[in-house]
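The model shown is predicted, which means the values in this text are computed figures rather than measured ones.
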Amino acid sequence: MAKVVGIDLGTTNSCIAVIEGGQPLVIANAEGQRITPSVVAYTKTGERLVGQIARRQAVMHPENTFYSVKRFIGRKHDEITHEASEVSYKVIRDRNGNVKLDCPALKKQFAPEEISAQVLRKLTDDASKYLG
């Protein structure tokens with residue numbers, strides 16, 4: 001029988017739930033927590049970290065740690081001046097006026113949607129392990 005799952009992609013935290021026995025159950029992530037911080041970070045060696053471990057890296061490498069990216073999705077760079085000033089990473093404008101997030105560790109820029117997709121990937125991986 002197919003399982004029904006729901007995902008809450010939040011600006012600060014995210015979670016995934018499944019219907020079991022007619023009731024929703026929030027699935028714990030690999031770290032045993034029911035919510036996952038909506039944070040993605042890259043180490044100096046290029047390793048991707050998602051969730052609580054990424055949040056911890058923010059202290060040492062704030063310029064390579066991306067959080068609150070959902071507020072940038074679907075917006076142009078000239079619309080987000082205030083929000084961009086409140087984060088520790090560099091928010092830049094591409095040639096079309098779109099928002100890009102600069103990652104010095106990888107020498108690459110990401111669209112906010114790409115960072116959110118990495119959070120969603122972690123949620124689905126954790127749920128897949130739980131559901132078998």
With heavy-atom distances below 4.5 Å as the criterion, would you say the side chains of His61 and Glu63 are in contact?
yes
For the side chain of Glu114 and the backbone of Ala111, is there at least one donor-acceptor N/O pair under 3.5 Å apart?
yes
Do any N or O atoms from the side chain of Tyr67 and from the backbone of Pro37 form a donor-acceptor pair under 3.5 angstrom?
no
Please identify each residue that fulfils side chain to side chain contact (heavy atoms under 4.5 Å, CB included) with Thr45, with sequence neighbours left out.
Thr43, Glu47
For Leu49, the rest of its hydrophobic cluster, which grows through side-chain links under 4.5 angstrom
Ile53
Other than Ile73, which residues form its hydrophobic cluster under the rule that side-chain heavy atoms must be closer than 4.5 Å?
none
How far does CD of Glu83 sit from OG of Ser85, to the nearest 0.5 angstrom?
8.0 Å
Taking atom CD1 of Ile35 and atom OG of Ser14, what is their separation to the nearest 0.5 Å?
9.0 Å
Ring pair (Phe, Tyr, Trp, His ring centres under 6.0 Å): which pairs involve residues 90-132, sequence neighbours left out?
Tyr42-Phe110
Suppose the criterion is ring pair (Phe, Tyr, Trp, His ring centres under 6.0 Å): which pairs have a residue in residues 11-41, not counting sequence neighbours?
none
Check the hydrophobic clustering (I, L, V, M, F, W, Y; side-chain heavy atoms under 4.5 Å; chains of links allowed) and say if Ile115 and Leu120 are grouped together.
yes
Shared hydrophobic cluster for Phe66 and Ile80 (ILVMFWY, side-chain gaps under 4.5 Å):
yes
Under 3.5 Å, is there a donor on one side chain and an acceptor on the other for Ser68 and Thr11?
no
Can you list, by chain and residue number, the hydrophobic cluster partners of Ile19 when the side-chain cut-off is 4.5 Å?
Val4
So, Asp125 and Lys129, do they make that salt bridge, N to O below 4.0 Å?
no
Residues two or more places apart in sequence or in another chain: which of them pass side-chain hydrogen bond (donor to acceptor under 3.5 Å, both in side chains) with Asn29?
Glu31, Thr36
Nearest 0.5 Å please: distance from the CG atom of Leu123 over to the CG atom of Leu9.
7.5 Å
Kindly compute the distance separating NE2 (His82) from CZ (Arg71), expressed to the nearest 0.5 Å.
8.5 Å
What residues form a ring pair (Phe, Tyr, Trp, His ring centres under 6.0 Å) with Phe72, not counting sequence neighbours?
none
Under a 4.5 Å cut-off applied to non-hydrogen side-chain atoms, are His77 and Val91 in contact?
yes
Among residues at least two apart in sequence or on other chains, which ones pass salt bridge (Lys or Arg N to Asp or Glu O under 4.0 Å) with Glu79?
Arg75
Quick one: are Val26 and Ile16 in side-chain contact, heavy atoms under 4.5 Å?
no
Among the clusters formed by ILVMFWY side chains lying less than 4.5 Å apart, do Val69 and Ile92 turn up in the same one?
no
One should read off an interatomic distance between Ser38 OG and Lys70 NZ, to the nearest 0.5 angstrom, of 8.0 Å
Step by step, work out the side chain to side chain contact (heavy atoms under 4.5 Å, CB included) result for Asn13 and Arg55.
CA-CA 11 Å; Asn13 293 297; Arg55 181 181 279 167; 3.6 Å; yes
Which salt bridge (Lys or Arg N to Asp or Glu O under 4.0 Å) pairs, counting each pair once, include a residue from residues 6-19, with sequence neighbours left out?
none
Just distance, no hydrogens or angles: give the donor-acceptor pairs under 3.5 Å from side chains in residues 97-107, sequence neighbours left out.
from: Asn98; atom 1: OD1; to: Lys76; atom 2: NZ; distance (Å): 2.8
from: Asn98; atom 1: ND2; to: Asp94; atom 2: OD2; distance (Å): 3.4
from: Asp102; atom 1: OD1; to: Gln109; atom 2: NE2; distance (Å): 2.9

Using every non-hydrogen atom in the two residues, find where Ile27 and Asp126 come nearest and quote the distance to one decimal.
CG2-O, 4.4 Å
Exercise: identify the closest heavy-atom pair between Ala41 and Gln57
CB-NE2, 3.4 Å
With side chain to side chain contact (heavy atoms under 4.5 Å, CB included) as the test, would you mind laying out the steps for Val5 and Leu131 before giving the verdict?
CA-CA 10 Å; Val5 298; Leu131 297 170; 4.1 Å; yes
Could you pull out all residues at least two apart from Glu86 that satisfy salt bridge (Lys or Arg N to Asp or Glu O under 4.0 Å)?
none
First locate atom OH of Tyr89, then atom OG1 of Thr65, and finally report the distance between them rounded to the nearest 0.5 Å.
10.0 Å
